[in-house]
Each structure stands twice: as C-alpha cells, then as structure tokens.
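Being a predicted model, the structure only gives us computed values, none of them experimental. Counting begins at 1 with the first residue of the sequence.
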Amino acid sequence: MIRVLLVDDHPVVREGLRGILSTEDGIDVVGEAGTAADAVAVARAYEPDVVLMDLRMPDGDGVQATRDLLARDPDCRVMVLTTYENDADILRAVEAGATGYLLKDASRSELAGAIRAAARGETVLAPAVAARLVSRMRSPVDLTPREIEVLRLVSTGRTNAEIGRELFISEATVKTYLLRTFGKLDVSDRTAAVTAALKRGILPLY
C-alpha cells in the first residue's frame, strides 16, 4: 500500500481528496494536516510514502514544509497539488525537492497515477507546468544583479529619480538599466517588465 498524507488548509479539499483516493486500489490515506507545521508533525507520526502538499497555508507555504519534510526523511515523496502554476512557485517547489507538481483540476485517474508514479520515485508534472518549465529553459533571461535590483525597486512603485537616489546612480543610468531589462524580457514598459520578472521567478512573489 502507498501511504499518503494530505496537506491542505481547506477541510473540504482534504475530504474530497480522501473520498477520491479511498476508491483506488493500493492507496491508503493515513493522515491529514491543515498547516505547514502540522504537516511535519503528522508526517513524523505516520511515515507516509507520498505527501500531497498545498502551496499556500495560513502559517507558511508548502515549499518550506517540503524542505522540512525532506530534511527529516529524504525518501518521502512530496507532490505539490495546487491551483497556482506561475514560474516562481513551480521552480521554488522543484528546487525544494518536490517530486511532482499537479494542478487541482487534475482528474481522478491523473491524481492516482501521479501518486503511484511519485511513490516509484518518478517526477510527475502537470502538462501545463511541464510546458512552462520547458519554455523557461529554452528562453533563459540573464539579468545582472543591478538590473534585478532596479526592477525590484520599480516593483515597489519608486520613480526613476527615487531609484537613482537609493542606489547612488544617476536617473539616466536607471533608464539605461531599464531599457536593457526591457530588451531582455521582450517588453516595452515598466509594468510589463515587473509582470514578466514575477512570472519567470526573477523577482520574488510577496
């Protein structure tokens, strides 16, 4: 039997997942958790083979919980199950050690198949997620640290003059950095640059 732990802050979601998986041969839901902290504690108690991990929870996110779980038990397989599919979330989860990334619109058979694959140690990605990762790998964007810093300040609403004062550079230099960034991201304005950087994981999501 594949022992599964459900981690999601919505009880109705956990109940639905439990109901779906209860009909699958060879899969046994051994526990549930509604917070990141509980996920680690419940995993310690039940030793699951696969953890279905939500990304957003009241006390933290599933990425840190994934790191904590795998630090304690490297053999555990964590599969993210979420509604979010932006590049930053995907990359953070994969870098934390998640073996899979599924969206909550997955079918019953896709979910069960993914759990079985994860238990075998295989990487499982929703088609939309796989496409985004492939696209990102094909089209890397190499912003310099200074370009990223300027863009980060743009994302906070600062003007070019304010950015220049904060970084001790001229306003003209700020404009030069932004123009280079626009070219690398293939955008034409500040808002689009920030949006593109967030999607690519260049800027963190707050």
Side-chain angles (χ1 to χ4, degrees), residues 2-10 13-14 17 21 27 33 35-40 42-44 47-107 109-143 145 148 151-152 155 184-185 194-206:
I2 301 172
R3 298 165 58 81
V4 176
L5 169 63
L6 307 177
V7 182
D8 195 290
D9 61 326
H10 295 99
V13 173
R14 299 198 304 271
L17 289 172
L21 297 177
I27 295 177
T35 66
D38 285 348
V40 178
V42 175
R44 184 181 296 113
E47 301 290 344
D49 301 305
V50 177
V51 177
L52 292 187
M53 179 72 72
D54 191 16
L55 274 185
R56 308 290 169 84
M57 288 174 280
D59 66 328
D61 68 5
V63 172
Q64 186 57 52
T66 297
R67 291 194 187 97
D68 294 341
L69 284 170
L70 295 178
R72 177 186 168 276
D73 181 7
D75 293 328
C76 181
R77 309 297 182 184
V78 178
M79 188 166 65
V80 171
L81 184 63
T82 182
T83 57
Y84 302 96
E85 58 173 304
N86 65 68
D87 291 6
D89 285 333
I90 296 167
L91 290 175
R92 287 175 65 236
V94 171
E95 289 169 355
T99 194
Y101 197 109
L102 279 187
L103 302 179
K104 287 182 178 177
D105 62 359
S107 67
S109 61
E110 288 172 336
L111 178 60
I115 289 173
R116 294 187 176 100
R120 294 192 297 267
E122 299 173 13
T123 299
V124 183
L125 296 174
V129 172
R132 293 177 76 97
L133 287 179
V134 169
S135 175
R136 183 187 175 95
M137 291 173 65
R138 287 177 176 168
S139 306
V141 173
D142 186 22
L143 297 186
I148 293 173
L151 197 54
R152 183 188 68 79
S155 73
K184 291 179 180 181
L185 293 174
V194 170
T195 300
L198 289 170
K199 287 182 177 179
R200 290 176 177 269
I202 296 170
L203 292 179
L205 292 171
Y206 296 100

Side-chain donor or acceptor of Asp59 paired with backbone N/O of Ala37 under 3.5 Å: yes
So which heavy atom on Thr66 is nearest to which on Ala96, and how close? CG2-O, 3.9 Å
Does some side-chain heavy atom of Leu55 sit less than 4.5 Å from a side-chain heavy atom of Tyr101? yes
Using the test side chain to side chain contact (heavy atoms under 4.5 Å, CB included), find all partners of Asp73 that sit at least two apart in sequence or belong to another chain. Glu47, Asp75, Cys76
Is Asp61 reaching over with its side chain to a backbone N or O of Gln64, donor-acceptor style, under 3.5 angstrom? yes
CZ (Arg152) and CG (Leu143) are apart, to the nearest 0.5 Å, by 14.0 Å
For residues Pro48 and Val51, report the shortest heavy-atom separation together with the two atoms involved. CG-CG2, 3.8 Å
Over all heavy atoms of both residues, which pair between Met53 and Ala39 is shortest? Give the atoms and the distance, please. CE-CB, 4.5 Å
Looking at OG1 of Thr99 and CZ of Arg120, how far apart are the two atoms once the value is rounded to the nearest 0.5 Å? 11.0 Å
On a heavy-atom basis, which atom in Ala43 and which in Leu69 lie closest, and how many Å separate them? CB-CD2, 3.2 Å
Using the rule given for side-chain contact (heavy atoms from CB on, under 4.5 Å), can you reason through Ile202 versus Leu185, listing the C-alpha separation, both sets of side-chain angles and the distance that settles it, and then say yes or no? CA-CA 11 Å; Ile202 296 170; Leu185 293 174; 4.0 Å; yes
Given the rule in the salt bridge (charged side-chain N to carboxylate O under 4.0 Å, His left out) test, do Asp8 and Lys104 qualify, once you have shown the distances and angles that lead to the verdict? CA-CA 11 Å; Asp8 195 290; Lys104 287 182 178 177; 2.7 Å; yes
I want to check something: taking the side chain as every heavy atom from C-beta on, are Thr83 and Arg56 in contact at a cut-off of under 4.5 Å? no
With sequence neighbours excluded, residues passing side chain to side chain contact (heavy atoms under 4.5 Å, CB included) with Ala114: Met79, Leu102, Val124
Distance from Leu111 atom CG to Leu103 atom CG, nearest 0.5 Å? 12.0 Å
In a check of side-chain contact (heavy atoms from CB on, under 4.5 Å) between Asp49 and each of Ile27, Ile2, Ile115, Leu5, which one passes? Ile2
Mind checking what makes side-chain hydrogen bond (donor to acceptor under 3.5 Å, both in side chains) contact with Asp9, not counting sequence neighbours? none
State whether the side chain of Arg77 and the backbone N or O of Val50 hold a donor-acceptor pair below 3.5 Å, judged by distance alone. no
Are Thr123 and Leu125 close enough, and set up right, to give a side-chain contact (heavy atoms from CB on, under 4.5 Å), and what steps lead you there? CA-CA 7 Å; Thr123 299; Leu125 296 174; 4.2 Å; yes
My understanding is that only residues two or more places apart in sequence, or in another chain, count here; which of them pass side-chain hydrogen bond (donor to acceptor under 3.5 Å, both in side chains) with Arg44? none
Who passes side chain to side chain contact (heavy atoms under 4.5 Å, CB included) against Ser107, sequence neighbours left out? Ser109, Glu110
One should read off an interatomic distance between His10 NE2 and Leu17 CG, to the nearest 0.5 angstrom, of 12.5 Å
Would you please name every residue forming a side chain to side chain contact (heavy atoms under 4.5 Å, CB included) with Val194, sequence neighbours left out? Leu151, Val154, Ser155, Leu198, Leu203
